[in-house]
Amino acid sequence: MLSIQDNYAYLSKLGEFKQLQGEIPGFFLEQSAALWDALLSFQNTHGIHGNMLEIGVYKGLSALMSSLHLKETEEFVLIDCTRHIEDAEVNLAPILGTRGKYIQQPSYRVTVNSLGDLRSTCRWLHIDGEHTGRAVINDLELCEELLSDDGIIVLDDFFNPIYPQLAEALFIFLNQNPFKLSMVLCGWNKAYLARPMFAINYRHFIRQKLADELHNREIHKFVITKTATLDESTAFGICEQRFVDRDYYGLDSEPDFLPV
């Protein structure tokens with residue numbers, strides 16, 4: 001397991017994100033922005049390097065947060081089938097420069113081979129494209145091939161009751177590929193997936209540091225849960241505050257015990 005440092009807030013890009021987001025429209029929760037910032041800061045602190053990819057970019061709001069954590073030697077691939085990606089390129093060009101690669105076509109037409117040498121190199125991938133179950137399976141298959149050993153895949157609209165097929169598709173994929181991906185966290189409209197062999201590092205960060213990191217980013221009304229043992233679920237949950245006296249809630253029978 002990786003060692004856990006005391007604080008990641010000094011690596012935070014959240015203030016810069018808030019200054020730059022301006023009038024960029026999008027559907028990116030303030031809580032998710034803070035959570036992404038904490039997770040990306042964790043990656044940078046622990047020497048987790050690699051490229052990034054986003055499917056379903058709209059005008060670049062969520063990609064802005066990822067871009068701020070991108071290193072000079074890393075590449076960001078942005079895929080969207082609509083002309084909104086032209087606006088995203090305008091909005092992100094000052095940050096990404098030549099590191100951004102914009103692809104205007106449906107993600108099902110994108111293959112690993114068409115992306116050059118990105119296989120197994122991406123540390124951060126965000127899926128927010130076509131919201132059919134079939135498309136989500138396709139996007140998960142693509143992103144799994146691109147995911148590095150220590151990266152994260154983020155799936156949007158997970159557990160959103162408007163799109164139940166997204167949760168169903170993810171569970172089908174996880175059941176069919178138990179040794180490829182493991183869910184480490186879900187909440188605030190998204191699911192977070194990692195390689196099973198590395199997932200323990202993210203779970204330990206979530207258990208030991210995530211609450212403090214969210215408080216440092218002025219997110220206070222939340223509870224992080226782990227209400228089942230690992231044989232039932234590998235994932236933490238996070239949601240709006242339900243307890244005034246705690247940031248973490250474990251098993252119903254023993255709320256102070258959070259299995260990791």
| remark: Asp139 meets the side-chain contact (heavy atoms from CB on, under 4.5 Å) criterion, sequence neighbours left out, with Ile55, Ser107, Ile127
| said: Holding to ring pair (Phe, Tyr, Trp, His ring centres under 6.0 Å), I want the full list of residues that pass it with Phe159, two or more places apart in sequence or in another chain. | reply: none
| side-chain hydrogen bond (donor to acceptor under 3.5 Å, both in side chains): pairs with one or both residues in residues 160-171, sequence neighbours excluded | Asp157-Asn160
| message | Suppose the criterion is ring-ring contact (aromatic ring centres under 6.0 Å, His included): which pairs have a residue in residues 75-102, not counting sequence neighbours? | response | Tyr58-His84
| query | Between Lys209 and His204, do the side chains contain an N or O donor and an N or O acceptor separated by less than 3.5 Å? | reply | no
| note | Glu144 meets the side-chain contact (heavy atoms from CB on, under 4.5 Å) criterion, sequence neighbours left out, with Phe173, Lys180, Leu181, Arg195
| remark: Residues at least two apart in sequence or cross-chain that pass ring pair (Phe, Tyr, Trp, His ring centres under 6.0 Å) with Tyr202, listed by chain then number, are Phe42, Phe198
| task | Check the angle between the aromatic planes of Tyr192 and Trp124 and answer parallel, tilted or perpendicular using the 30° and 60° thresholds. | result | tilted
| Listed partners of Phe222 passing ring pair (Phe, Tyr, Trp, His ring centres under 6.0 Å), at least two apart | His215
Output side-chain donor-acceptor pairs under 3.5 Å for residues 251-260, partner residues at least two apart or in another chain, one line each.
| unit_1 | atom_1 | unit_2 | atom_2 | d |
| --- | --- | --- | --- | --- |
| Asp252 | OD1 | Tyr249 | OH | 2.9 |
| Asp256 | OD1 | Arg246 | NH1 | 3.2 |
| Asp256 | OD1 | Arg246 | NH2 | 3.2 |

| Contacts of type side chain to side chain donor-acceptor pair (under 3.5 Å), residue His69, not counting sequence neighbours | Asp37, Asn44
| Under the side chain to side chain donor-acceptor pair (under 3.5 Å) test, residues paired with Ser182 that sit two or more places apart | Thr234
| said: Could you work out, with ring pair (Phe, Tyr, Trp, His ring centres under 6.0 Å) as the rule, every residue matching Tyr108, not counting sequence neighbours? | reply: none
| remark: Residue set satisfying side chain to side chain donor-acceptor pair (under 3.5 Å) with Thr227, at least two apart, ordered chain then number -> none
| message | Do Leu140 and Leu170 have side chains that approach each other closer than 4.5 Å (heavy atoms only, starting at C-beta)? | response | yes
| said: Looking only at side-chain N and O atoms, does Ser62 offer a donor or acceptor that is under 3.5 Å from a partner on Glu54? | reply: yes
